[in-house]
Visitor: 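This structure is in C-alpha cells; I'll ask about it shortly.
Computed over heavy atoms, backbone and side chain alike; hydrogens, waters and symmetry mates excluded. Note on naming: letters A, B, ... go to the chains in the order of the sequence lines (proteins, then strands), and numbering restarts at 1 for each one. This is a predicted model, so every value here is computed, not measured.
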Amino acid sequence: MELCDMTAHELNSMLENGDTSCSEITRSVVRRIETTESVMGSYITIDADAAMRRAASLDACRRPSQKPGPLWGIPIAVKDNICTKKLRTTCASRALEDFVPPYDATAVERLEQGGAIILGKTNMDEFGMGSSTEHSAFGKTRNPWDPLRVPGGSSGGSAAAVASGEAVVALGSDTGGSVRLPASFCGLVGLRPTYGAVSRYGLVAFASSMDQIGPIARDAADCAMVLQAIAGPDGRDSTGLPAAERSTSAPLASISLSGRRVGVPRALLDGGVHADVSKLFEDALVVLNHLGAEIVDVPMMDPLNAVAAYYIIADAEASSNLARYDGVRFGLRRGGRELEEMYEMTREDGFGTEVKRRILLGTFVLSAGYYDEYYLKASRVRNLIANDLASALRTVDWIALPSAATPAFMLGERLDDPLLMYLTDVFTVAPCLAGVPAVSLPMGMTSEGLPVGLQLIGRLRDEAGLLGAGHSYQQVTTHHTLRPPMIGVSGERSAGN
Amino acid sequence: LISDRDRNSRIGFTQSDVDHICSLAKLHLSPELRSRIARDLLEVLEYVERLKDVDTSGVGPMNHCDPAGVIPEGVDRQERGLSRDEALRGAPETLRGYFRVPRVI
C-alpha cells in the first residue's frame, strides 16, 4: 500500500518511529494527484509546490525526539467554501472565481497550527447547493468506485480526494447532509458535528442556522483526529458552543456498546430503500447487536416532512446570505451603467441554475403574503422534528439509519429533476434541522460494488460517542479498509493498487 | 380526488409571482430559464404542501440551533479587523480608498 492510501493515524505512527517523513507522505499524495486527478476532478485549486515546501519545512523544524502531533505532516484537502488566505476560495461559483479571501477560516488556522499540510481546495456543488457535486462551475467530480457515478455532494470533491488517495483526510461542510452523503457514496467516514462545535468563521454562508464544517476520513480514528484539531470555542463565531466538560474534541476512545441502545425508526424503512442498502443496514445492526447494543424500534417523523421543511428553511437563509454577491465589494462584477443593472447582470452571470432556483424559492417563501404559509410553517415543523429527535434520543443512545436510500447514482441521472435530487437527502436533513451530530460509516458494498453508509445520529455534543461507537464497529468490520481500484489517466480502471 | 393540475393551481404560483421574486432577488433571467425555474419551483412548492397536514398548533417556530441555550455572554474583545487595503483588495473597482459603483443618482 502506498503512503497516500494509509490512514492519518498509521502515518502518524510511522512519522513518530522515523519510518517516513512529511515530504515522503506529501510526495506520495502529489504523485497520486498527478495520476488520477484528470479523471477524478476532485479539486478546483491545487498547490502541490506549496504543499511540498510546507512538508520540507515541517521536516526541517521537528527534532527527532519530538513526538509529532496527530495531524503533523498529514496532507489534507479543504472544501472550496472554507476560506484560505493563500488559495482562492470559489465555492465552485463563477461569482467567486478569482476571490482570494483576506483571512483564513478558524478551522484552517487550527489545521495549520496542528502541522497539517493543505493540498488544495476541493470541488463541490455551488455554495453547497446540491447532492452530487454536479452543480459546479468547474466541472464534475467522479466517484472513485465507479467513474460514471457521482461522488455525492455537496462535499463530493473532498470525499473523492480521500477515497482516491489524492488526500489523506479532508474537510467538508454539512448543511443538509453534505458530509455524510459523499462519505456514504465514496466508502468513507463523514462526521457532521453538533451545530456550533466547529467555528463557522470563514465558512462561506449558505444556511447559517445549519452550516457546519466536518471531517471526511478513512476511518473513525482519523475523523476524531481532525475533529480534535478544529473543534472548540472561537471568539469569532458567536453561535459556537462554549467549551464542554467532556470535550467534543477528546481523542478517540473505543467505547463499549454493551448496555447501549440503538434506536431504529423501522417505519421509515418500509419503502423506497434500495434492496442492497436495506440488507447491508440489517447486517450492520446485527454487528452492533453482537457488540452488545440493544436494537429497539423508535418512532420518528416522516423524513419527507423534514426534507420539505429543510428546503424551505435552507433556501430562505440562502436567499438572504447570497444577497452579498452584488459585484460591489468582492467577486465577479458585470457591466451596467446603473447600479440595479449591475446587480442583476452580475448575479445572472455569477450564479448557476441551481443557485438561482434556490434563491428564488427562498425569496418566495420569505415574501409578503407567503411568509406565514411557508417559512413560518416550516420553522414550526422544524421545532417538532427537533423535539421528536430529542425525545427519541432520551430513550436510546443513538438512532441508526442508512445514510442514503441508494448507493451513488449515475452522473446526470438526477440533474434535470431538482425534486428527485432534493430527496437524495431524505435521511440526512433531520439532524441538521435539530442541530444534533451524526456520522456516516462504511457498512459494506452493494452487489454492483458500490459502498454505502450506516448513519448514527447522536445527542447534542456526543461526537465522542458517535466516533467511539464507529471505532468499535470498525474493530470488527473491514468495510472501511477497502480502497477503490486505481483510476489511471486514460480513464481505464486497473486491477487495484 | 383532486388531480395534480388542480392541486398545482391551488398553490397560486403564477408567472407574475416569478417576475416579482426575480426583481426582489435582483436576478435577471432569460425567458427560457425563467419558465424552466418557474416549473421547477411549482413542483417543489407542490411537494412542500405536505407540511400543511402537519399539526403545529401550539408549536413555536425554531429559527436557529442553539443547543447550549445561550449565546455566550462575556465581554467582546476588540480585535484588529481588516485594514482598508485588505478590505479593498478583492473589490472589482475602487476609487481613492472606496468601493466604486455605477452612478446611483
Visitor: Working to the nearest 0.5 angstrom, can you tell me the gap between K26(B) NZ and T363(A) OG1?
Guide: 10.5 Å
Visitor: Tell me, out of L376(A), I313(A), I312(A), V365(A), who's got the most heavy-atom pairs with chain B below 4.5 Å.
Guide: I312(A)
Visitor: Between H28(B) and R347(A), does the side chain to side chain contact (heavy atoms under 4.5 Å, CB included) criterion hold? Intermediate values first, please.
Guide: CA-CA 8 Å; H28(B) 177 266; R347(A) 292 163 66 79; over 6 Å; no
Visitor: Show your reasoning for whether side chain to side chain contact (heavy atoms under 4.5 Å, CB included) applies to V44(B) and Y422(A).
Guide: CA-CA 9 Å; V44(B) 174; Y422(A) 298 170; 3.8 Å; yes
Visitor: When you compare the side chain of D417(A) with that of E43(B), does any pair of heavy atoms fall below 4.5 Å?
Guide: yes
Visitor: Please classify the contact of A316(A) with chain B as side chain, backbone, both or neither, using a heavy-atom distance under 4.5 Å.
Guide: neither
Visitor: Side chain, backbone, both or neither: which part of L423(A) has a non-hydrogen atom closer than 4.5 Å to chain B?
Guide: side chain
Visitor: Measure L51(B) against the heavy atoms of chain A and call it side chain, backbone, both or neither at under 4.5 Å.
Guide: both
Visitor: Could you tell me which non-hydrogen atom of Y47(B) sits nearest to which non-hydrogen atom of L304(A), and how far apart they are?
Guide: OH-O, 2.9 Å
Visitor: What closest approach, in Å, do R382(A) and M62(B) show between heavy atoms, and which atom pair accounts for it?
Guide: CD-O, 3.3 Å
Visitor: Checking heavy atoms, do the side chain of D55(B), its backbone, both or neither come under 4.5 Å from chain A?
Guide: backbone
Visitor: Could you look at Y375(A) and say if it's the side chain, the backbone, both or neither that has a heavy atom under 4.5 Å from chain B?
Guide: side chain
Visitor: Identify each donor-acceptor pair in which a side-chain atom of residues 92-105 of chain B lies under 3.5 Å from a protein atom, sequence neighbours left out, and give them as a table.
Guide:
from	atom 1	to	atom 2	distance (Å)
E93(B)	OE1	R333(A)	NH1	3.0
R103(B)	NE	I105(B)	O	2.7

Visitor: I want to check something: taking the side chain as every heavy atom from C-beta on, are R36(B) and T353(A) in contact at a cut-off of under 4.5 Å?
Guide: yes
Visitor: Got a second to check how far Y195(A)'s OH is from H64(B)'s NE2, nearest 0.5 Å?
Guide: 9.0 Å
Visitor: Would you say that K356(A) contacts L29(B) through its side chain, given a criterion of any heavy-atom pair below 4.5 Å between the two side chains?
Guide: yes
Visitor: Using every non-hydrogen atom in the two residues, find where C65(B) and S209(A) come nearest and quote the distance to one decimal.
Guide: SG-O, 3.6 Å
Visitor: Have a look at F364(A) and tell me which of L45(B), L24(B), L41(B) forms a side-chain contact (heavy atoms from CB on, under 4.5 Å) with it.
Guide: L45(B)
Visitor: Side chain, backbone, both or neither: which part of N63(B) has a non-hydrogen atom closer than 4.5 Å to chain A?
Guide: both
Visitor: Quick one: what part of R89(B) sits under 4.5 Å from any heavy atom of chain A, side chain, backbone, both or neither?
Guide: side chain
Visitor: Between CD1 of I21(B) and CG of L360(A), what distance do you get to the nearest 0.5 Å?
Guide: 4.5 Å
Visitor: May I ask you to test the E46(B)-L419(A) pair for a side-chain heavy-atom distance under 4.5 Å?
Guide: no
Visitor: Roughly how far, to the nearest 0.5 Å, is CD of E348(A) from CG of L27(B)?
Guide: 8.5 Å
Visitor: Around E341(A), counting heavy atoms of other residues, nucleotides and ligands shown, do more than 12 lie under 6.0 Å from its CD?
Guide: yes
Visitor: Which atoms of D326(A) are under 4.5 Å from chain B, going by heavy atoms: the side chain, the backbone, both sets, or neither?
Guide: neither
Visitor: By side-chain contact (heavy atoms from CB on, under 4.5 Å), which residues pair with E109(A), not counting sequence neighbours?
Guide: D104(A), Q113(A), R236(A)
Visitor: Which region of Y343(A), side chain (C-beta onward) or backbone (N, CA, C, O), has a non-hydrogen atom less than 4.5 Å from a non-hydrogen atom of chain B, or is it both or neither?
Guide: both
Visitor: Main chain of V54(B), side chain of K377(A): is a donor-acceptor contact present, judged purely on distance under 3.5 Å?
Guide: yes
